[in-house]
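Reminder, nothing fancy here: chain letters follow the sequence lines and each chain counts from 1. As a basis for the values below, the full set of heavy atoms in this structure was taken, side chains included, without hydrogen atoms, waters or symmetry mates. As the structure is a computational prediction, the values presented were derived from the model and not from experiment.
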There are 2 protein chains.
Amino acid sequence: MAPRDHEIVRLTADLVILTVRSGRLCVLLVERANEPFRGRPALPGGFLRAGETIEETAARELAEETSLDGLPVEQIGVYSAPDRDPRDPRVVTCAFLAIAPDLPVPVAGTDAREARWLPLDEVGGLAFDHGRILADAVERARTKLQYTTVATAFCPPEFTISELREVYEVVWDVEVDRPNFHRKVTDAEGFVEPTGAKSTKGGGRPAVLYRAGGARVLHPPMVRPRAKSS
Amino acid sequence: MAPRDHEIVRLTADLVILTVRSGRLCVLLVERANEPFRGRPALPGGFLRAGETIEETAARELAEETSLDGLPVEQIGVYSAPDRDPRDPRVVTCAFLAIAPDLPVPVAGTDAREARWLPLDEVGGLAFDHGRILADAVERARTKLQYTTVATAFCPPEFTISELREVYEVVWDVEVDRPNFHRKVTDAEGFVEPTGAKSTKGGGRPAVLYRAGGARVLHPPMVRPRAKSS
DNA sequence: TCAAAAGTGTTCTGGCTACACCCATGA
DNA sequence: TCATGGGTGTAGCCAGAACACTTTTGA
């Protein structure tokens, strides 16, 4: 092969960290402190270091931003347009999706950057190609709700079926039939398991509390109905 | 942020090109001409060049290996283990999946490397982490058959329903009910459309020929039955 | 006793499975 | 006229959709 006709790049991991806060799907954004795009909102992220896999880079940045350790991250894709970063030399990024419960805010980052949750429909003007990355990650999250049990990752350790249903309704922006959802979730092997306790909040009958079950895939899958708004 | 604590990498695109040949799922492999892993089978691939996206790198390598232009490629993932390439400096790869019809072989590459189709169950001893990349890509292809129309990409421009069914049977390693498959495929909007011609091969009744339809997603999806061979 | 939210029962329907059956061609 | 593979008909089953209904709490 022809030697040295290839380009040297710097590799970053950018994180799309999603959560549900007060009935809205939110993403964690930071404000850029340096050029390029100084002052613009951006996805948290950082450079690959020696000896790391890019997953480890992502996990390290995630821990710094959310103080949630061991939260799984999933690759969304590589974004490598030559002009995506005006700096020289070239920067290629690998985007990751992470799903978090509603954390105590403001999220205390260990570095000076200000991080904040922003509802998806208020996001605009992101730096670089982060708008596209965010859109791709949200689409992935929506798809994953169908055939995996990740919805529980949006919830606190103990939750009610209604709280879990709210995750689906918020992320998919649909209404989900309450009785059918209850049956489907409680019948599905390993999706949720009862803790024995009951929720005391709420005006009506107390709800049984559940925790996430052992299953990762959902069988049969949830089917996403037609969107309610549009 | 702390400057210069990040690593410089070289980025490659590696291709998993799949096809169905004489009833078996096959992958295109090349023999490495240089160290490391000289003489070992490997996935075709190459380095990112200046001004290219990594998708363009993949498309360029694909065209060189198969002389099929414009075949779509899909990202599988990034493989970045620090020790995946014994060379220094570090090489990170982005893997791509491409699906091809049964091409006239041997595939004429423009470079000197010898490329050949190898049935999946005969693959072994791949260079680097290409064994894992291949496994991930095959799993992706299997999943994609469920809810997309990519199965037609395994077929020539005109094909019979039975040829399309064979794709599912080979890739999934299952038996598919012939009558039900026929109905499902011909009823699905945009999956296949008849050309008007009929196949002359085969001993029995001539089969109607179809070409790929316009739809990319399959609605409702194909469901993968339990594997026939354990 | 009423409102509110949790949870159960029941009917209907659409898609899938299984398999019987008919059709068109070559030998 | 028989073998071979293409294509259609149809009965049963099962899961999801829709929605009526019962249960358990606080006010």
(request) Report the distance from atom CZ of B:Phe181 to atom C1' of C:dG15, rounded to the nearest whole Å. (result) 16 Å
(message) Output the rounded distance in Å from CG (B:Asp187) to C1' (C:dG15).
(response) 11 Å
(request) Determine the contact category for A:Thr186: base if any of its heavy atoms lies under 4.0 Å from a base atom, sugar-phosphate if only primed atoms, P, OP1 or OP2 are that close, otherwise nothing. (result) nothing
(message) Starting the side chain at C-beta, find the nucleotide from C:dA24, D:dG6, D:dT23 nearest to B:Ala207.
(response) D:dG6
(message) From OH of B:Tyr168 over to C1' of C:dC16, roughly how many Å is that when rounded to an integer?
(response) 15 Å
(request) Please check the phosphate of C:dT8 (OP1 and OP2 only) for any side-chain N or O of A:His182 closer than 4.0 Å. (result) yes
(request) State whether the distance check finds a donor on one side and an acceptor on the other, under 3.5 Å, for side chain A:Arg178 versus base C:dG7. (result) yes
(request) Starting at atom CD of A:Glu166, determine the distance to atom P of C:dA5, rounded to an integer number of angstrom. (result) 12 Å
(request) Identify, between A:Asp177 and A:Lys198, the residue whose nearest nucleotide on DNA chain D lies closer to the 5' end. (result) A:Asp177
(request) Send over the distance from A:Arg224 CZ to D:dA17 C1', rounded to a whole Å. (result) 18 Å
(request) Rounded to the nearest angstrom, tell me the gap between atom CD in B:Glu163 and atom C1' in D:dG5. (result) 13 Å
(request) Examine D:dA15: is either OP1 or OP2 under 4.0 Å from a nitrogen or oxygen in the side chain of A:Lys184? Give yes or no. (result) no
(message) Tell me whether the side-chain N/O atoms of B:Ser162 come closer than 4.0 Å to OP1 or OP2 in D:dG5.
(response) no
(request) Mark yes or no for a side-chain to base donor-acceptor pair under 3.5 Å between A:Arg183 and D:dG16, with no hydrogen or angle criteria applied. (result) no
(message) Check this for me, if you would: do A:Glu74 and A:Arg140 make a salt bridge, where the nitrogen-to-carboxylate-oxygen distance has to be below 4.0 angstrom?
(response) yes
(message) Counting C-beta onward and ignoring hydrogens, is there a side-chain heavy-atom pair between A:Leu209 and A:Phe159 closer than 4.5 Å?
(response) no
(request) Using a 4.0 Å heavy-atom cut-off across all strands, classify A:Pro179 as base, sugar-phosphate, or nothing. (result) base
(message) Considering every strand and a 4.0 Å limit on heavy-atom distances, what is the contact class for A:Thr160: base, sugar-phosphate, or nothing?
(response) nothing
(request) In plain terms, say whether A:Arg165 and A:Glu169 are close enough for a salt bridge, that is, a side-chain N and a carboxylate O under 4.0 Å apart. (result) yes
(request) Before giving the answer on salt bridge (charged side-chain N to carboxylate O under 4.0 Å, His left out), spell out for B:Glu139 and B:Arg224 the whole-Å C-alpha distance, their side-chain angles and the decisive distance to 0.1 Å. (result) CA-CA 13 Å; B:Glu139 188 50 43; B:Arg224 167 149 58 150; 3.5 Å; yes
(message) Rounding to an integer number of Å, can you tell me how far B:Arg165 CZ sits from C:dT17 P?
(response) 14 Å
(request) Take atom CZ of B:Arg205 and atom P of C:dT25, then tell me their distance rounded to the nearest Å. (result) 8 Å
(message) Is a donor from one side chain sitting under 3.5 angstrom from an acceptor on the other, for A:Asp14 and A:Tyr79?
(response) no
